[in-house]
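Contents: one structure, followed by commentary.
Just so we're clear, the structure is a prediction, and the values are computed from it rather than from any experiment. Protein chains get the first letters and strands the later ones, always in sequence-line order, with residue 1 at the start of each.
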Number of protein chains: 2
Amino acid sequence: MVRKSRSTGRITLDDVAQAAGVSRITASRALHGGRVVGAELVARVQEAATQLGYVPDPAARALASSRSTQVPILVPMLSNALFVDLLEAVHRVLYPAGFQPMIGVTHYDPAEEELLLRNYLAHRPAGLLVTGFDRTEAARQLIAGSGVPCVYLMETTDAPGVHCVGFSQSASGSAMTQHLLDRGYRRIAFAAAQLDPRTLQRAEGYRSALKAAGCYDARLELLSPERSSMALGGRLLEELVRTHPEVDAVFFNNDDLAHGGLLAAHRLGLGVPGRVAIAGFNDLAGSDQMVPALSTVHTPRLEIGEQGARMLLQLMNGQVPAQSSIELECRLVERQST
Amino acid sequence: MVRKSRSTGRITLDDVAQAAGVSRITASRALHGGRVVGAELVARVQEAATQLGYVPDPAARALASSRSTQVPILVPMLSNALFVDLLEAVHRVLYPAGFQPMIGVTHYDPAEEELLLRNYLAHRPAGLLVTGFDRTEAARQLIAGSGVPCVYLMETTDAPGVHCVGFSQSASGSAMTQHLLDRGYRRIAFAAAQLDPRTLQRAEGYRSALKAAGCYDARLELLSPERSSMALGGRLLEELVRTHPEVDAVFFNNDDLAHGGLLAAHRLGLGVPGRVAIAGFNDLAGSDQMVPALSTVHTPRLEIGEQGARMLLQLMNGQVPAQSSIELECRLVERQST
DNA sequence: CTGAAAGCGCTTACAG
DNA sequence: CTGAAAGCGCTTACAG
């Protein structure tokens, strides 16, 4: 057999078709559960395909059909375990359905997200999953102009035509603040990092709960633009008790900050929750292991990933999801640190 | 202008070529830093391309050239921060060089890795990055048969033709064990999870160091196949002090286990390091925040990612790296828990 | 240094 | 239900 000069040596659909004694097009249809092909032929083609170890070429398919099976999912940062969980849940739904999630990390930078979007969209993705609603105008237009089905994760909106799965950031911020109020704390601080849109929404929830209770004091809000970490949490706690010794509770915006805060309290010999109560957010791994165990808000990131992926699956199939906006519930986890 | 029926409405190279008044092929060359094209033409083509907002179609390019710019990188698990750091470092080198790292998570499962490999290799990747050497025979053959340049991360070997960047797992296991011996501990336990190949190599290093010192006791090795977590670390510590009260130090195979062990010691009222010393591995975020701060081994995952990516870049360019196997150093981090 | 032709491997209308 | 033709958007030899 003579190989043409540009041949890649790859097993192609033609090889399969030839082996099965049908035309290339029939082979193509047989392989995609084509309802229009005779059952016997389907079997013969599939047999030949496995026999030869045929693997379809995604590039050729994408080019011919002008769509791929890739699904970019853009998250802010993998060092936040929250997003690792989200990705895992998405993967569990999309991968078995024949789609390849492609992870993109924006580092909380809208410019970087825009660049990623531009690159990924060039791959004719089957669908798109992004985090939240805060992005550049150009990024917005890229998404809209691409015609690629998109589901927004983590936050929700009622805007028409937007598909999203998330939870109320501000309500969850209020809920923990209210819990602290209910436990009798009055000088409740809020310590946050990164200051991304969702963090600021939670701060808003904190504020409104305290204002409603007549306990709001702007000086107890400690907002740092640094990235979230245990070390930062420790520093924020130290700063709070030094500059505002009257503080009796600290609501940390993410569990890693709270872990750091809790350990810093140990180091300073401050009793928790006796001298200062400590609360976290997200219920990340290890929060139940802290001493004392950390009170926090459990966020439904696995459900968000799963339901978001399911919604996208429907959109990619041309179906209309029953709901275009799904708001899930958070769960207050009361442990010993408050 | 009449659109053909199957047109996708996309701006193509033909559009750019037409706008610049050259042929499609010249446009292609001009866009790829083609040295053979006149400087003036290059400028005209690039101008036209940006003018029209041309984005090359990766699928078409992959099909025509039989290679893409995708670089799959296969890691065991994202919930281990170690691999998040590794990915970040790889991304920082590959992305600016025009390659797209595609993250694949194997969940420490060789069968899953083989499946991922099969799928990713179909995409004609430009290069490949994998973790360690432990995989199915089929996976090995897939890699070899693909002809795709591959760099192995985390472990090293002298096998000819294999490109790798890592550190000596067993030596790092020995080093921490020796540190504990030097500090005067004699009943030193080893607590590990997951039991992946690298964990077992570190266990081997622990064993040989203790044997050399005449202190080895197999009953102090606690190997759990569960996945690593703070909660598991806590349980392992409890079990150790209950069944082997004479234990005076515990070397945890990963920092998250050590964090959990440290907190469990607090809970049980065991002084650290007075009653029992605790050491970790990897030097993950937060280890310096523990109370007492955790002694551990800092592993060079950022350097591994960076140098591994650079080595792959050379291979993808058809160059021969100066070294085919790079073994990096770990650094013992002595803090207060030992 | 530039271009006309052929081809990468698949799918989409269009016939039968 | 099956197939011959054309095409997706690009790059690779081959000429000039």
Side-chain angles (χ1 to χ4, degrees), chain A residues 2-45 49 52-70 98 121-124 126, chain B residues 2-45 49 52-70 121-126:
Chain A
V2 184
R3 279 255 151 73
K4 308 252 187 58
S5 60
R6 285 185 64 187
S7 166
T8 54
R10 179 173 192 128
I11 309 278
T12 72
L13 194 54
D14 279 316
D15 298 327
V16 175
Q18 209 166 339
V22 299
S23 75
R24 184 203 312 165
I25 162 71
T26 302
S28 169
R29 284 195 280 247
L31 257 21
H32 299 314
R35 280 267 145 273
V36 280
V37 182
E40 191 202 351
L41 280 192
V42 171
R44 218 160 70 205
V45 171
L52 294 170
Y54 170 66
V55 182
D57 185 323
R61 190 196 302 229
L63 185 58
S65 67
S66 79
R67 59 183 201 143
S68 72
T69 54
Q70 297 182 159
L121 252 18
H123 284 265
R124 313 159 179 270
Chain B
V2 184
R3 277 257 153 70
K4 307 253 186 58
S5 58
R6 287 185 61 188
S7 165
T8 54
R10 179 172 190 126
I11 308 279
T12 72
L13 193 55
D14 279 317
D15 298 328
V16 175
Q18 209 167 338
V22 298
S23 77
R24 183 205 310 165
I25 162 69
T26 301
S28 171
R29 285 196 277 247
L31 255 24
H32 299 315
R35 281 266 145 275
V36 280
V37 182
E40 190 201 352
L41 279 192
V42 171
R44 217 160 70 204
V45 171
L52 293 170
Y54 170 67
V55 182
D57 186 322
R61 190 196 304 228
L63 185 58
S65 67
S66 80
R67 56 181 206 147
S68 72
T69 54
Q70 297 183 160
L121 252 19
H123 284 266
R124 312 158 178 271

Where [X] and [Y] come nearest, the two heavy atoms and their spacing:
| X | Y | value |
| --- | --- | --- |
| B:Val45 | B:Leu31 | CG1-CD1, 3.6 Å |
| B:Ser28 | B:His32 | O-CD2, 3.1 Å |
| B:Ser68 | B:Ala126 | O-CB, 3.1 Å |
| B:Tyr54 | B:Thr12 | CE1-C, 3.6 Å |
| A:Leu52 | A:Ala19 | CD1-CB, 4.0 Å |
| B:Pro58 | A:Ala122 | CD-O, 3.1 Å |

Nearest-nucleotide pick for [X], side chain only, options being [options]:
| X | options | answer |
| --- | --- | --- |
| B:Asp57 | C:dC10, D:dG9, D:dT2 | D:dG9 |
| A:Ser23 | C:dC10, C:dT11, D:dA4 | D:dA4 |
| A:Thr12 | D:dT11, C:dC10, D:dC10 | C:dC10 |
| B:Arg61 | D:dC10, D:dG3, C:dC8 | D:dC10 |
| A:Leu63 | D:dC8, C:dA4, D:dC10 | D:dC8 |
| A:Thr26 | C:dC10, D:dT2, C:dC8 | D:dT2 |
| A:Ala64 | C:dA13, D:dC10, C:dC10 | C:dC10 |
| B:Ser65 | D:dA13, D:dA4, D:dT11 | D:dT11 |

**Asked** Is the number of heavy atoms from other residues, nucleotides or ligands under 6.0 Å of B:Arg67 CZ greater than 12?
**Response** no

To the nearest Å, how far apart are [X] [atom1] and [N] [atom2]?
| X | N | atom1 | atom2 | value |
| --- | --- | --- | --- | --- |
| A:Leu31 | C:dT12 | CG | P | 14 Å |
| B:Asp15 | D:dG9 | CG | P | 9 Å |
| B:Arg24 | D:dT12 | CZ | C1' | 12 Å |
| A:Asp14 | C:dG7 | CG | C1' | 13 Å |
| A:His123 | D:dC10 | NE2 | C1' | 14 Å |
| B:Arg67 | D:dT12 | CZ | P | 8 Å |
| A:Gln18 | C:dG9 | CD | C1' | 15 Å |
| B:Ile25 | D:dC14 | CD1 | C1' | 11 Å |

**Item:** Any pair counted as salt bridge (Lys or Arg N to Asp or Glu O under 4.0 Å), so long as it reaches residues 53-62 of chain B, sequence neighbours left out
**Value:**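 For residues 53-62 of chain B: A:Arg124-B:Asp57, B:Arg10-B:Asp57.
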
**Asked** Does a distance-only test, which skips hydrogens and angles, find a donor-acceptor pair under 3.5 Å between the side chain of B:Arg124 and the base of C:dG9?
**Response**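 Under the 3.5 Å cut-off, the side chain and the base do not form any donor-acceptor pair.
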
**Prompt:** Hey, is the side chain of A:His32 poking within less than 4.0 Å of OP1 or OP2 on C:dC10, counting only N and O atoms?
**Reply:** no

**Request:** Taking only the side-chain nitrogens and oxygens of B:Ser66, find out if one of them lies under 4.0 Å from OP1 or OP2 of C:dC8.
**Result:**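 No, no such contact exists.
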
**Request:** Please map the stems of DNA chain C, keeping only stretches of three or more Watson-Crick or G-U wobble pairs with both distances under 3.5 angstrom.
**Result:** C:1-3 with D:14-16, C:5-12 with D:5-12, C:14-16 with D:1-3

**Prompt:** Between A:Val22 and B:Ile11, which is nearer to the 5' end of DNA chain D once each is assigned its nearest nucleotide?
**Reply:**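 Nearest-nucleotide comparison on DNA chain D picks A:Val22.
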
